[in-house]
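A short worksheet on the structure shown next.
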Amino acid sequence: MVTAGLLAATVGLVLPQAYAGDQSSASAPASKAAASTSSHAGMSHAQAAPRAFGDDPDGDGYIPANPPVSAEPSQANPPHRYFHEFQAHCSVTHTAPDDPIVFPGQPGASHDHTFMGNVSTNGNSTSASMDAANGTTCVAPGDKSGYWMPSLYKGDKKILPVDVQTIYYKAGVTDYTSVRPFPKGLRFLVGSPMQTAQEFRNHKGFVEGWECGESYFNTEFPASCPTGQDVQLNIRFQAPSCWDGKYLDTPNHTSHMAYPVVKAGTNDNVCPADHPVALPMIEFKMAWPVNGDTSDLRLASGAAHTFHYDFFNAWDNATLKAMVDHCIVGGLQCDPRGYDQTHPEAGAALDENYELPS
């Protein structure tokens with residue numbers, strides 16, 4: 001995989017366009033009215049106002065969960081397990097100036113994105129169209145989710161990640177046994193194309209920032225990377241994992257989700273009271289075939305600190321539940337089959353074709 005990373009896919013330049021993001025925290029609105037005042041700070045020329053399309057027929061920006069989920073944040077502290085996670089391995093499908101979360105029903109309205117997973121994701125995607133798609137580049141056929149991020153350019157050439165990319169699904173809370181699968185159709189934005197370098201560095205999802213060689217925790221692209229066959233440009237960034245249980249999306253695409261908080265007087269991570277439902281914590285671990293001189297790198301959204309990504313859940317419900325229950329709730333460190341090499345006695349959640357056993 002690393003060796004193949006030396007081969008950069010290049011296509012024609014697509015200039016960044018105006019984009020809607022959100023710099024606000026993931027706190028829940030007190031009401032729909034309060035949430036509707038949240039700004040889409042990323043739009044450089046006009047607000048990306050909600051519009052009637054697909055899963056949001058009334059155009060108010062809210063997509064209610066059906067059914068909603070009522071819960072209390074778990075305060076439990078189960079037996080310690082160092083790992084409670086599984087991996088999704090997905091490769092690039094295509095690039096396009098689309099974002100079906102921020103600009104639903106408006107193909108071409110966004111800056112350029114690099115898409116992974118569902119082969120059909122585009123500006124007109126809905127939960128139904130994602131379900132109906134006849135393919136995914138994730139190794140598990142049951143994962144038809146859409147994953148996308150701003151495209152990377154070196155000069156005027158677009159650089160694509162090659163081979164499979166790793167997307168972790170982890171427990172973000174201490175009570176890993178309380179984590180439940182994503183509801184079908186949940187979607188959200190992580191980070192913002194309008195965040196400052198300091199906001200990017202202080203973001204709750206920041207793990208190691210941009211890295212290459214022995215250079216870590218960078219908010220901007222390193223000025224140069226070692227030149228070598230094994231060197232790639234990497235980033236790791238985590239998503240919020242606590243859900244309000246009410247909406248699959250909200251007008252700013254963030255306020256229905258929140259990061260865990262530390263329980264007072266402990267080191268335990270718990271979901272906040274207004275976002276009580278613990279879901280898997282997604283962590284992007286992306287790698288681009290870039291080394292040597294990086295002075296001419298940029299994202300379609302701008303500087304390196306504008307990195308962000310989107311997630312649109314379209315997993316097969318039964319497959320996702322099997323992986324979450326076996327790996328996260330079960331306290332294992334699983335590969336994309338749901339197999340933990342250090343606990344072979346636990347078996348795997350999926351068969352050799354990455355599907356539910358028949």
Side-chain angles (χ1 to χ4, degrees), residues 1-10 82-92 113-114 116 147-172 190-193 195-241 259 267 269 281-309 333-336 340-342:
M1 173 179 174
V2 175
T3 302
L6 293 176
L7 302 175
T10 61
Y82 191 75
F83 294 105
H84 12 68
E85 65 182 49
F86 67 89
Q87 298 178 17
H89 286 174
C90 307
S91 56
V92 171
H113 284 106
T114 295
M116 299 173 291
Y147 308 89
W148 61 95
M149 58 194 170
S151 296
L152 177 73
Y153 291 87
K154 182 172 176 57
D156 61 356
K157 294 181 179 179
K158 192 182 301 182
I159 309 297
L160 303 180
V162 294
D163 295 331
V164 296
Q165 301 298 302
T166 300
I167 300 162
Y168 291 97
Y169 284 63
K170 302 182 176 184
V190 184
S192 167
Q195 63 205 356
T196 65
Q198 192 62 40
E199 287 168 336
F200 177 60
R201 180 64 182 85
N202 294 336
H203 197 283
K204 291 181 179 180
F206 190 94
V207 180
E208 293 179 356
W210 294 100
E211 58 184 37
C212 65
E214 298 300 317
S215 180
Y216 304 95
F217 301 105
N218 297 290
T219 57
E220 307 301 338
F221 298 124
S224 64
C225 293
T227 300
Q229 183 172 325
D230 296 336
V231 178
Q232 297 183 100
L233 178 70
N234 299 276
I235 192 169
R236 295 174 61 188
F237 209 75
Q238 295 175 343
S241 60
Y259 285 88
N267 290 320
N269 291 323
M281 181 190 73
I282 285 180
E283 177 182 310
F284 264 35
K285 185 178 181 181
M286 303 289 112
W288 289 263
V290 171
N291 55 43
D293 179 18
T294 59
S295 61
D296 56 350
L297 289 181
R298 64 177 175 83
L299 295 173
S301 52
H305 64 256
T306 69
F307 180 79
H308 57 285
Y309 63 88
Q333 183 184 26
C334 293
D335 65 13
D340 184 343
Q341 292 184 351
T342 63

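Values below: every heavy atom of this structure, side chains too, minus hydrogens, waters and symmetry copies.
- The two residues P150 and A300 make their nearest non-hydrogen contact at CB-N, 4.4 Å.
- The main-chain N or O of H305 is found under 3.5 Å from a side-chain atom of Q195 such that the two form a donor-acceptor pair.
- Going from atom CG of L152 over to atom CE of M286 covers 13.0 Å, rounded to the nearest 0.5 Å.
- For the pair V190 and P240, the tightest heavy-atom approach, listed with the atom from each and the gap, is CG2-CD, 4.2 Å.
- Rounding to the nearest 0.5 angstrom, the gap separating the CG atom in L299 from the OH atom in Y153 is 10.0 Å.
- The two residues P336 and H89 have their closest heavy-atom pair at CG-ND1, 3.4 Å.
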Evaluate side chain to side chain contact (heavy atoms under 4.5 Å, CB included) for W288 paired with I235, printing each intermediate quantity in order. CA-CA 9 Å; W288 289 263; I235 192 169; 3.7 Å; yes
Any chance you could lay out the side chain to side chain contact (heavy atoms under 4.5 Å, CB included) test for Q238 and K204, step after step, and finish with the verdict? CA-CA 8 Å; Q238 295 175 343; K204 291 181 179 180; over 6 Å; no
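- The nearest pair of heavy atoms linking S241 to G172 is OG-CA, 3.9 Å.
- Note that CG of D340 and CZ of F83 are 8.5 Å apart. Values are rounded to the nearest 0.5 Å.
- Here the closest non-hydrogen pair linking P161 and M149 is CG-CE, 3.9 Å.
- Put simply, the side chain of N234 gets close to the backbone of Q232: a donor and an acceptor are under 3.5 Å apart.
- Annotation for V231 and C225: closest pair CG1-CB, 4.1 Å, computed over non-hydrogen atoms.
- Q165 places a side-chain N or O within 3.5 Å of a backbone atom of A287 that can act as its donor or acceptor partner.
- Side chain of T306 to backbone of A303: a donor-acceptor contact under 3.5 angstrom is found.
- For the ring pair (Phe, Tyr, Trp, His ring centres under 6.0 Å) test with F307, the passing option among F221, W210, F206, F284 is W210; the others fail.
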Using the rule given for side chain to side chain contact (heavy atoms under 4.5 Å, CB included), can you reason through Q87 versus I167, listing the C-alpha separation, both sets of side-chain angles and the distance that settles it, and then say yes or no? CA-CA 6 Å; Q87 298 178 17; I167 300 162; over 6 Å; no
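- The backbone N or O of K154 lies less than 3.5 Å from no partner atom in the side chain of D296, so there is not a single donor-acceptor pair.
- No side-chain heavy atom of R236 sits under 4.5 Å from any side-chain heavy atom of Y216.
- Between Y309 and F237, the ring-plane angle classifies as perpendicular under the 30° and 60° cut-offs.
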Taking it one step at a time, do L233 and T294 satisfy side chain to side chain contact (heavy atoms under 4.5 Å, CB included)? CA-CA 9 Å; L233 178 70; T294 59; 5.8 Å; no
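- Interatomic distance, S151 OG to L160 CG, rounded to the nearest 0.5 Å: 7.0 Å.
- In this structure, N218 contributes its side chain and E220 its backbone to no donor-acceptor pair below 3.5 Å.
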